[in-house]
Undergrad: 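Take a look at the following structure, please.
Values below: every heavy atom of this structure, side chains too, minus hydrogens, waters and symmetry copies.
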Amino acid sequence: MPDFQEAGLELKTFPIKHLKDKRLVAKERVSLGMIDYGTMATEEWAHSSFLKKNSFLLLLAYLYQKGITDYFDYIFNLAELWRFSEEDLKIMKDDWLKIREKVKAGKAHEISEGDTLYLGAVTKSATGNSRTSQPFNRIPAKPRALCLKQQYMNLVVDKILGLRKLDVENAVKSVESYEKGETFEEFIIRKFKPYFGMSLEKLGTMFAVGSSAKNFAATITRRILGVRKNKIEEFEKAGITTKTIRLDIHGNPEEAISFPRMHFKELALEDWDDSTLREMLAKRFFLVIYQKQKNGTYKLAKVKFWSMPEEVLDDKVRKVWESTKKSIVKGDFSKLVKSSDDMVSHVRPHGRNSKDKDILPNGKRETKRCFWLNRDFIRDSML
DNA sequence: GCATGATCATGC
DNA sequence: GCATGATCATGC
């Protein structure tokens, strides 16, 4: 039952914060109630406990300020009555079904927050180690809650503030754009199909985009979807990251995948669970895959949505991150993780050139670096 | 052929 | 002027 029963209204307070560029964003995801795996397995979306409780929200946002934990000291500066649009509900329903399918298949222990777009199944555990039962498997699963992801909440904040209408545009114009039974991701892939087999050059000419542009994939993606503005609203709200992968003639990835450069001093202060790296890799990815042909050109081979399993993220990637953090704290870069260490991810330079450096906690300077996903991992787990 | 180091092209 | 995504270059 919602908080205000007769009004059918659920109260949600959540923190917002200012970025360095003054933009106001949600500080974190907004939780919408624990998942009961047993109940969810038997529910239908239209009559789900989730919808009953969360269809109509009173959103109250307060400014997060470090150190202020007393509710009476919170400064609330946004208040809004919120109903989800038909288009958003369609994606949320697909998310919900995806989570329910894992539960029904006895795979509640394999749920990842990155599997879904707007609604996430976020782990909720005081110690990090608690487990709960699931109906169709004896393997215990992490307790999870349904949440609105942070990126989704950012757009909500922008909408409340009246911003953002200018530079985002929906890829799906209305729910009628879907074919029957189709999910958002299937819709996107269907839109790409007519372009499979076309060369980079041809796509560049068709859409008047220089193929040497580093944001080529992102631009082509927008053009194929008929989005003229800078950003695809659904991709923004779902926090989807677009990445290009080039395959050689045999179908092996030609390069590792890079991420934004790390800030040494900031990383040294982070914990894994809310680290910048974990946040980046827990997202859903849209992969645009080109393959080299005998004549040397690259053809659009396929596109797919992908997310990293949490067990990989919180095991191997975490180890790489911990090891890197140690190197940074010690100020000794002689033992950075290499791709030959076979740990899913590795660390390599990523700056303007080798003189482009960042400062370490001990005051020393080192060439800027970033985390990369290994080619072997891309080949074995992403394609 | 692969790992690793280095740097380019563009956008903001 | 720098961040970012991507690709080039070199050496084993």
Undergrad: Using heavy atoms and a sub-4.0 Å distance, could you list which residues of residues 262-271 of chain A are near DNA chain B? By number, please.
TA: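 Heavy-atom cutoff 4.0 Å gives no residues at all.
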
Undergrad: Taking it one step at a time, do A/Glu233 and A/Lys159 satisfy salt bridge (charged side-chain N to carboxylate O under 4.0 Å, His left out)?
TA: CA-CA 12 Å; A/Glu233 178 155 352; A/Lys159 285 222 165 131; 2.8 Å; yes

Undergrad: Should the ring pair A/Phe285 and A/Phe259 be called parallel, tilted or perpendicular, given that the plane angle runs from 0 to 90° and is split at 30 and 60?
TA: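 Perpendicular.
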
Undergrad: Is it true that the NZ or CZ of A/Arg284 lies under 6.0 Å from the centre of A/Phe305's six-membered ring and within 45 degrees of the ring axis?
TA: no

Undergrad: Whole angstroms only, please: what is the NZ-C1' distance between A/Lys357 and B/dA6?
TA: 13 Å

Undergrad: Is A/Ser258 touching bases, backbone alone, or none of the nucleic acid, heavy atoms closer than 4.0 Å?
TA: base

Undergrad: To the nearest Å, give me how far apart NE2 (A/His350) and P (B/dA9) are.
TA: 14 Å

Undergrad: Working to the nearest 0.5 angstrom, can you tell me the gap between A/Thr39 OG1 and A/Phe50 CZ?
TA: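 One gets 15.0 Å once the value is rounded to the nearest 0.5 Å.
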
Undergrad: Output yes when at least one side-chain N/O atom of A/Ser339 is less than 4.0 Å from OP1 or OP2 of B/dT4, else no.
TA: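 Looking at the OP1 and OP2 atoms of B/dT4, one of them is under 4.0 Å from a side-chain N or O of A/Ser339.
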
Undergrad: Rounded to the nearest Å, what distance is computed from the CZ atom of residue A/Arg352 to the C1' atom of nucleotide B/dT7?
TA: 8 Å

Undergrad: On the ring face of A/Phe207, is A/Arg223 found with NZ or CZ under 6.0 Å from the centre and within 45° of the axis?
TA: no

Undergrad: Atom CZ of A/Arg348 to atom C1' of C/dG5: distance rounded to whole Å?
TA: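 Rounded to the whole Å, the gap is 13 Å.
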
Undergrad: Test ring-ring contact (aromatic ring centres under 6.0 Å, His included) on A/Phe192 and A/Phe286 and set out the steps.
TA: CA-CA 12 Å; A/Phe192 267 81; A/Phe286 182 60; 5.4 Å; yes

Undergrad: Where the side chain of A/Arg375 is defined as all heavy atoms beyond and including C-beta, which of C/dA3, B/dC2, B/dT7 is the nearest nucleotide?
TA: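 Between C/dA3, B/dC2, B/dT7, the one nearest the side chain of A/Arg375 would be B/dC2.
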
Undergrad: Just the rounded figure in Å: distance from C1' of C/dG1 to NZ of A/Lys355.
TA: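 Answer to the nearest Å: 17 Å.
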
Undergrad: So, is A/Lys368 near the phosphate of C/dA3, with a side-chain N or O under 4.0 Å from OP1 or OP2?
TA: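 Result: yes.
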
Undergrad: Just checking, A/Lys90 and A/Phe184: is the charged tip under 6.0 Å from the six-membered ring centre and within 45° of the axis?
TA: no

Undergrad: How long is the line joining CZ of A/Phe377 and P of B/dA3, in whole Å?
TA: 15 Å

Undergrad: A/Asn230 side chain: which of B/dC12, B/dA6, C/dA6 is closest?
TA: B/dC12

Undergrad: Which nucleotide in the list C/dC8, B/dG5, C/dG5 gets nearest to the side chain of A/Glu255?
TA: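 Nearest listed nucleotide: C/dC8.
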
Undergrad: Is any side-chain N of the basic residue among A/Arg144 and A/Glu310 closer than 4.0 Å to the acidic one's carboxylate O?
TA: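 Answer for the salt bridge query: yes.
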
Undergrad: A/Trp372 has a side chain; which of C/dT7, B/dT7, B/dC2 sits nearest to it?
TA: C/dT7

Undergrad: Toward the 5' end of DNA chain B, which comes first, A/Thr367 or A/Arg379, by nearest nucleotide?
TA: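 With A/Thr367 and A/Arg379 compared, the 5'-side residue is A/Arg379.
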
Undergrad: Look at the aromatic rings of A/Trp372 and A/His346 and report parallel, tilted or perpendicular, splitting at 30° and 60°.
TA: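 Rings of A/Trp372 and A/His346: parallel, under 30°.
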
Undergrad: Estimate the overall bend of the helix from B/dG1-C/dC12 to B/dC12-C/dG1 from the end axes over five pairs each, rounded to 10 degrees.
TA: 20°

Undergrad: Which nucleotide in the list B/dC2, C/dG5, B/dA6 gets nearest to the side chain of A/Pro349?
TA: B/dA6

Undergrad: To the nearest Å, give me how far apart CG (A/Leu247) and P (B/dC2) are.
TA: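 Interatomic distance, CG of A/Leu247 to P of B/dC2: 13 Å.
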
Undergrad: Nearest 0.5 Å, please: how far is CE in A/Met153 from CG in A/Asp158?
TA: 11.0 Å

Undergrad: OP1 or OP2 of C/dA6 versus the side-chain N and O atoms of A/Thr244: is any pair under 4.0 Å?
TA: yes

Undergrad: Could you state the CD1-C1' distance from A/Ile257 to B/dA3, rounded to the nearest angstrom?
TA: 17 Å

